[in-house]
Amino acid sequence: MKGLIINNAYNKSITLLNQSIRLKEEFDKLDVDVEIKRNDFFPAIIAAGKLQSTINDFDFCVYLDKDKYVSKMLEKTGLRVFNKSSAMEICDDKMETHIALANHNIPMPKTIPGLLCYNKEEPIQDATIDRAESLLSYPIIVKESYGSLGSGVFKADTQKELARLMEELKCRPHLFQEYISESFGKDIRVIVIGNKAFACMLRQSRGDFRSNAELRGDAYACELPLEYKNLCEKVSKILDLDYCGIDILIGKDNKPIVCEVNSNAYWGKIEKVTGKNVAQAYAKHIIDCVQVNV
């Protein structure tokens, strides 16, 4: 069996490189030959009206990029890609994630989509601001639809701040959400592999309303309540994910609320604080899936 790990061509962060290296280490232990490549070698092309692979000796691909076009093309050549391109595309867009989970009895913050503007000179109307205020009370969470590690997430405490953020983000996909005050600066990150909750950690900020460990927050191993476990596994199944990190807000009476789902969630921090071998578990899941389909 031979596998391919694809990273973004221009992201050289240590965290991303660690993801690939750890996964390759575990595949090596399982006698699976894996190559790590930057996503700049055009593994699939369209020629003479047909989609063609430029690589033919791989049994699977672990796709750690967010370029949906390459992922879709690889799948169309018959290569098994982890995660599936459809699941990755939904998770990459925060608004699409909430739409996909709607009507499945999944607790989420009240959410409304931002209005996409194609003319930066066109001002936000007062009626639009008034309508958002009538649907969501302050503070209001404002998020860019694309982004990770806490970037592109803001909190509007007043009408003036909301208007400024609306104006600033109007030409980019974004959304507005109910603020869950009980979960200020904290959440639970749950790693789910093969639709089974595998590891979790409590993330706590040092004063920021966002909990991301990458924003100088702290992380601790924690017990995962059964209600949280069942919710995360259900979310993973709905989105058809092989692997993901689900961020759960802690609501009133400690009820879980789904905040975001990351199809390529980093596992360096959670391996460190929990002692659980996420890379190994993911590698074994991938091998099992590929062997079943051989």
Any carboxylate oxygen within less than 4.0 angstrom of a Lys/Arg side-chain nitrogen, looking at R80 and D59?
no
Salt-bridge criterion met for E167 and K170 (N-O under 4.0 Å):
yes
How far apart are the closest heavy atoms of M95 and S145, and which atoms are they?
CB-OG, 4.1 Å
Presence of salt bridge, D28 and K24, under 4.0 angstrom
yes
Any side-chain heavy-atom pair of C61 and I5 under 4.5 Å:
no
Count the heavy atoms of every other residue, nucleotide or ligand shown that sit under 6.0 Å from NZ of K234, and state whether that count exceeds 12.
yes
Are I193 and L30 connected, step by step, through hydrophobic side chains (Ile, Leu, Val, Met, Phe, Trp, Tyr) whose heavy atoms are closer than 4.5 Å?
yes
So does K29 pair up with E25, basic N to acidic O under 4.0 Å?
no
Can you see which heavy atom on A47 is nearest to which on Q52, and at what distance?
O-NE2, 3.3 Å
Correct closest heavy-atom pair for N8 and Y10 would be OD1-N, 2.7 Å
With a 4.5 Å cut-off on side-chain heavy atoms, are E182 and I250 touching?
no
Check E26 with R22, please: is the shortest side-chain N to carboxylate O separation under 4.0 Å?
yes
Between W267 and F198, is the ring centroid distance below 6.0 Å?
no
Drop me the distance from C244's SG to N195's CG, to the nearest 0.5 angstrom.
8.0 Å
Do Q177 and K110 have side-chain N/O donor and acceptor atoms under 3.5 Å apart?
no
From CA spacing to verdict: side-chain hydrogen bond (donor to acceptor under 3.5 Å, both in side chains), Y63, N264
CA-CA 8 Å; Y63 198 75; N264 278 337; over 6 Å; no
Any heavy-atom pair between the side chains of L175 and I112 that's under 4.5 Å?
no
Assess whether salt bridge (charged side-chain N to carboxylate O under 4.0 Å, His left out) is satisfied between R164 and E168, documenting all intermediate values.
CA-CA 6 Å; R164 177 183 61 79; E168 181 180 323; 3.3 Å; yes
Donor + acceptor pair across side chains of D65, N39 (<3.5 Å)
yes
Taking the side chain as every heavy atom from C-beta outward, state whether K186 and R203 have any pair of such atoms under 4.5 Å apart.
no
Decide salt bridge (charged side-chain N to carboxylate O under 4.0 Å, His left out) for D240 and K84; before the verdict, give the C-alpha distance in whole Å, the side-chain angles of both, and the deciding distance to 0.1 Å.
CA-CA 8 Å; D240 197 18; K84 299 179 182 69; 3.6 Å; yes
Residue from F82, Y282, Y266 passing ring-ring contact (aromatic ring centres under 6.0 Å, His included) with Y243
Y282
Write down the atom of E223, the atom of C200, and the distance for their closest heavy-atom approach.
C-SG, 4.3 Å
When you look at Y138 and E133, which way does the side-chain hydrogen bond (donor to acceptor under 3.5 Å, both in side chains) test go after all the steps?
CA-CA 8 Å; Y138 290 107; E133 287 180 325; 2.5 Å; yes
May I ask you to say whether D57 pairs ionically with K2, meaning some side-chain N is under 4.0 Å from a carboxylate O?
yes
First locate atom OG1 of T158, then atom CD1 of I140, and finally report the distance between them rounded to the nearest 0.5 Å.
9.5 Å
Minimum heavy-atom separation for I191 to I270, with atom names?
CG1-CD1, 3.6 Å
In Å and rounded to the nearest 0.5 Å, what is the CD to OG distance from E89 to S85?
7.0 Å
Between N83 and S263, is there a side-chain donor-acceptor contact under 3.5 Å, judged purely by atom types and distance?
no
4.5 Å side-chain heavy-atom contact, M166 and F176
yes
Salt bridge between E144 and K94, side-chain N to carboxylate O under 4.0 Å?
no
Under the side-chain hydrogen bond (donor to acceptor under 3.5 Å, both in side chains) criterion, do D93 and Y146 qualify, and how do the steps go?
CA-CA 5 Å; D93 183 330; Y146 300 94; 3.2 Å; yes
Taking every non-hydrogen atom, the tightest pair across V278 and A199
CG2-CB, 4.5 Å
Rounded distance [0.5 Å steps], CD1 in I248 versus CD1 in I180
12.0 Å
Sidechain N-carboxylate O distance under 4.0 Å for E227, K255:
yes
Residue K66 excluded, over 12 heavy atoms near NZ under 6.0 Å
yes
Should the pair D157-K155 be classified as a salt bridge under the 4.0 Å nitrogen-to-oxygen rule?
yes
